[in-house]
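First up is the structure itself, then whatever we jot down about it.
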Amino acid sequence: MLHVVAVITAKPGQRAEILRELNAIVPRVREEEGCIEYGPALDHADSPQPFGADSLVVMEKWESKAALDRHLDAPALRAFIAATEGAVAGLSVHVLNPV
């Protein structure tokens, strides 16, 4: 199993739009073969180290690297990328092994 933490930084004022587009694909991604968990998260009000007002985090779990690779080329993710083009200022993706 793999854990993925994707941090999306929106251009100012664009986070709500990105979150709307992300929530639109969540049900389809959760149906992808090998998807264990997939969903967005925002900073908690009392977070000691917030990502910030323009950021959102996608928390993911995949059965295997092959499942993650398929997701990266899946229609839902491609649709999200196309829909948010111009709204994203930055992206960092962290692929982790559970221990």
Side-chain angles (χ1 to χ4, degrees):
M1 179 173 54
L2 295 175
H3 294 255
V4 177
V5 178
V7 181
I8 302 170
T9 304
K11 290 183 178 176
Q14 296 295 307
R15 184 174 81 172
E17 175 66 18
I18 293 171
L19 187 56
R20 184 180 68 77
E21 294 294 340
L22 182 61
N23 280 324
I25 69 161
V26 166
R28 293 184 356 214
V29 173
R30 288 180 178 164
E31 292 176 357
E32 291 176 16
E33 181 181 349
C35 180
I36 298 168
E37 181 179 329
Y38 188 91
L42 301 175
D43 288 321
H44 185 274
D46 295 330
S47 177
Q49 293 181 311
F51 285 98
D54 291 324
S55 295
L56 60 109
V57 179
V58 184
M59 307 296 290
E60 309 174 31
K61 288 184 186 175
W62 295 93
E63 286 181 358
S64 65
K65 178 68 166 67
L68 174 59
D69 288 344
R70 285 190 302 272
H71 165 67
L72 296 175
D73 193 40
L77 186 59
R78 283 185 277 139
F80 170 75
I81 291 168
T84 58
E85 185 177 351
V88 175
L91 171 67
S92 64
V93 178
H94 308 272
V95 180
L96 308 165
N97 290 316
V99 293

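Keep in mind that this is a model prediction, so the values were computed, not measured.
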Legend entry - Verdict with supporting geometry, L2 and L96, side chain to side chain contact (heavy atoms under 4.5 Å, CB included): CA-CA 6 Å; L2 295 175; L96 308 165; over 6 Å; no
Inset, instruction - State, yes or no, whether a side-chain contact exists between D54 and K11 at a heavy-atom distance under 4.5 Å. - result: no
Legend entry - Side chain proximity check, L19 to L42, heavy atoms < 4.5 angstrom: yes
Legend entry - Close side-chain approach of T9 to L91, heavy-atom, < 4.5 Å: no
Inset, instruction - Give the cluster check for I8 versus F51: same hydrophobic cluster or not, with ILVMFWY residues linked at side-chain heavy-atom distances below 4.5 Å. - result: no
Legend entry - Min side-chain heavy-atom separation P27-R30 under 4.5 Å: no
Legend entry - Distance (rounded to the nearest 0.5 Å) between S64 OG and R70 CZ: 5.5 Å
Inset, instruction - Nearest 0.5 Å please: distance from the CZ atom of R28 over to the OH atom of Y38. - result: 10.5 Å
Inset, instruction - Could you tell me whether a side-chain N or O of R15 sits under 3.5 Å from a main-chain N or O of A53, the two making a donor and an acceptor? - result: yes
Legend entry - same_hphob_cluster(V5, V29) at 4.5 Å side-chain heavy-atom cutoff: no
Legend entry - Residue pair D69 / K65, side-chain heavy-atom distance below 4.5 Å: yes
Inset, instruction - Starting from the C-alpha separation in whole Å, work towards a yes-or-no answer on side chain to side chain contact (heavy atoms under 4.5 Å, CB included) for L68 and E60. - result: CA-CA 9 Å; L68 174 59; E60 309 174 31; 4.3 Å; yes
Inset, instruction - Indicate, with yes or no, if I25 and V57 share a hydrophobic cluster defined by side-chain heavy-atom contacts under 4.5 Å among Ile, Leu, Val, Met, Phe, Trp and Tyr. - result: no
Inset, instruction - For atom CD of E33, decide whether the heavy atoms of other residues, nucleotides or ligands shown that lie under 6.0 angstrom number more than 12. - result: no
Legend entry - E17 with R20: basic N within carboxylate O range, under 4.0 Å: yes
Legend entry - Single-linkage hydrophobic cluster V58~V26, side-chain heavy atoms < 4.5 angstrom: yes
